[in-house]
Protein chains: 2
Amino acid sequence: MRFTAKMRPKCSECPIRHRAVCARCDDSELTTLEGIKAYRSFAAGDPILRRGDPLTYVASVVRGVATLNKTMEDGRTQMVGMLFPSDFIGRPGRAKIDFDVVAVTDVTLCCFQRKPFESLIETTPHIAQRLLEMSLDELDAARDWMVLLGRKTAREKIATFVEMLVRRQDIEGSAGTDGPLILPLTRDEIADYIGLTLETVSRQLNAMKKEGILRFTDRRRFEIADLAALHLATGDDSEDTLVY
Amino acid sequence: MRFTAKMRPKCSECPIRHRAVCARCDDSELTTLEGIKAYRSFAAGDPILRRGDPLTYVASVVRGVATLNKTMEDGRTQMVGMLFPSDFIGRPGRAKIDFDVVAVTDVTLCCFQRKPFESLIETTPHIAQRLLEMSLDELDAARDWMVLLGRKTAREKIATFVEMLVRRQDIEGSAGTDGPLILPLTRDEIADYIGLTLETVSRQLNAMKKEGILRFTDRRRFEIADLAALHLATGDDSEDTLVY
DNA sequence: CGCCGGTTTGACATACTTCAAGAGAAGTGG
DNA sequence: CCACTTCTCTTGAAGTATGTCAAACCGGCG
């Protein structure tokens with residue numbers, strides 16, 4: 001678990017300033033946060049937190065992509081979340097988490113010691129409110145994913161996954177807007193996220209390529225050639241995406 | 001959407017007093033809540049809230065069981081949650097929900113108008129904190145369910161579902177402790193919860209009956225004849241249940 | 001150049017679904 | 001209280017989407 005020297009960049013210049021837990025904080029609250037925060041970096045593939053480990057800090061993802069993984073005794077694994085910049089890691093009020101957090105690309109975190117952060121929550125309603133809002137958003141996302149896992153076909157799963165990627169990468173601008181999209185996950189990891197095998201993922205991805213829905217420049221880079229067809233393939237209501 | 005005259009029983013005598021959103025409230029806060037609350041009853045089968053409806057109130061389940069359902073355009077449905085007494089319905093800060101809430105047994109709710117409740121959250125940290133805690137618990141549960149939906153076999157799904165029922169019904173005491181357990185859901189509804197068809201649910205349930213793990217007195221009432229075997233069939237770590 | 005992780009592709013296996021028929025319970029109305 | 005409908009559940013037989021196993025391919029990197 002390698003990490004760089006602990007730096008404290010100015011919150012005011014932070015790229016996730018307006019979307020992270022601290023989104024609603026005023027200047028004085030930011031100053032308090034700046035006092036207890038520290039950046040940490042992880043290389044692609046590094047574990048960030050392990051299931052059952054004592055949770056000493058909570059954090060915001062500043063850069064990169066991390067995943068939340070649950071593994072059964074016999075090795076079957078299910079990814080239960082992907083974290084993009086501005087997403088929050090850790091659970092105030094509990095000392096352990098029940099899944100592994102892994103950096104799938106190079107990741108930079110903005111970390112807060114758990115204890116001081118917890119007392120901050122009690123005294124700073126702006127943080128508590130934002131955290132509640134973010135948790136409820138995650139809950140909504142988790143429930144959408146339950147529909148995917150329980151009821152969608154392999155093709156619909158892939159289409160939904162790709163559409164989610166587009167939405168999140170667009171918002172982040174994390175990959176240079178409008179350039180080719182990037183698959184941050186291997187076929188195997190995608191399979192673990194949508195409840196399939198890597199072979200089925202590969203076949204469906206190539207099927208969509210042949211149908212002219214996706215255009216790959218490389219095994220990891222691609223563009224959406226036909227956004228309407230992609231959405232149609234998700235099985236979701238046409239309105240669903242427009243709600244936000 | 002039928003409901004009885006709006007009564008306001010004393011919070012101090014409320015059966016869910018110590019587990020609901022109001023768990024941490026002091027006497028004066030309870031008094032405020034008593035001012036804006038109203039009981040409503042729903043008969044088994046009644047819709048409580050419909051997807052997309054404007055959300056005028058939020059509520060705690062006082063009695064009975066409700067389910068959260070998502071339905072795709074072609075009719076496939078996935079249940080994304082079961083609500084037992086003390087569970088919370090509705091989302092402060094947003095006017096709509098993205099699923100249907102249905103009473104599967106007779107249900108009594110303790111309702112609060114959304115607007116006054118939202119301002120209460122801002123002024124009453126005890127409520128905001130408890131709500132955050134409950135949301136995070138739900139998120140944990142949703143993630144566990146994602147493992148079930150994405151990676152477990154039909155048999156493991158059934159076993160996990162039954163074990164969950166036991167745990168929740170035990171805690172509630174909602175069905176007279178130690179009496180026979182009750183399936184609040186039809187085979188069809190169970191299927192929608194665990195991502196199977198009703199036929200597969202029926203077959204697996206009868207298989208467990210033949211193996212002597214479950215003992216049915218009736219199609220809806222049963223006892224756990226072999227708790228260890230049940231847990232073994234869930235596919236979960238042996239420690240998992242003891243963590244709480 | 002040759003290994004090596006990730007990926008593709010094919011052939012085959014199977015858990016679960018689908019379709020279909022019938023059996024119990026549980027209401028409902030005469 | 002007894003037909004009659006209706007709903008839920010059970011059980012069987014057949015079909016299929018996806019998993020499993022295995023081999024070959026490809027692009028990067030030492």
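Only heavy atoms go into these numbers, but all of them, side chains included; no hydrogens, no water, no symmetry mates. Below, chain A is the first sequence line, B the second, and so on; all start at residue 1.
- No engagement by Arg155(B) is indicated, since no non-hydrogen atom pair under 4.0 Å with the nucleic acid exists.
- Look at Arg91(A) and Asp98(A) and you find no salt bridge, because none of the NZ, NE, NH1 or NH2 atoms lies under 4.0 Å from a carboxylate O.
- Judged by distance alone with a 3.5 Å cut-off, a donor-acceptor contact links the side chain of Arg203(B) to the base of dG12(D).
- One interatomic measurement links the two molecules: CZ of Arg220(B) to C1' of dA26(C), which rounds to 12 Å at whole-angstrom precision.
- The CZ atom of Arg76(B) sits 15 Å away from the C1' atom of dT18(C) (whole-angstrom rounding).
- Going from atom CD of Gln204(B) over to atom C1' of dT17(C) covers 13 Å, rounded to whole Å.
- When rounded to the nearest whole Å, the span between CG of Leu214(A) and P of dT8(C) equals 12 Å.
- Candidate nucleotides dT11(D), dT9(C), dC16(C) were compared by shortest atom distance to the side chain of Lys210(A), and dT9(C) ranks first.
- The residues Asp192(B) and Arg151(A) are annotated as salt-bridged, a charged nitrogen and a carboxylate oxygen being separated by less than 4.0 angstrom.
- Rounded to an integer number of Å, the gap from CG of Asp218(A) to P of dT7(C) is 10 Å.
- By the 6.0 Å contact criterion, CZ on Arg221(B) is open, its count of non-hydrogen atoms from other residues, nucleotides or ligands being 12 or less.
- In this structure, Met146(B) and Met79(A) have side chains that are not in contact, with every pair of non-hydrogen atoms separated by 4.5 Å or more.
- A salt bridge does not link Arg40(A) with Asp46(A): every distance from a Lys NZ or Arg NE/NH1/NH2 to an Asp or Glu carboxylate oxygen is 4.0 Å or more.
- Looking at Lys70(A) and Thr77(A), their side chains never bring a donor and an acceptor atom within 3.5 Å of each other.
- Within residues 184-200 of chain A, the residues that have a heavy atom under 4.0 Å from DNA chain D are, in order of number, Gly195(A), Leu196(A), Thr197(A), Glu199(A), Thr200(A).
- The side chain of Thr153(A) lies closest to dT18(D), out of dT18(D), dT7(C), dT11(D).
- Residue Ser202(B) places at least one side-chain N or O closer than 4.0 Å to OP1 or OP2 of dT10(D).
- In this structure, the CZ atom of Arg219(B) is 14 Å from the C1' atom of dG27(C), given to the nearest Å.
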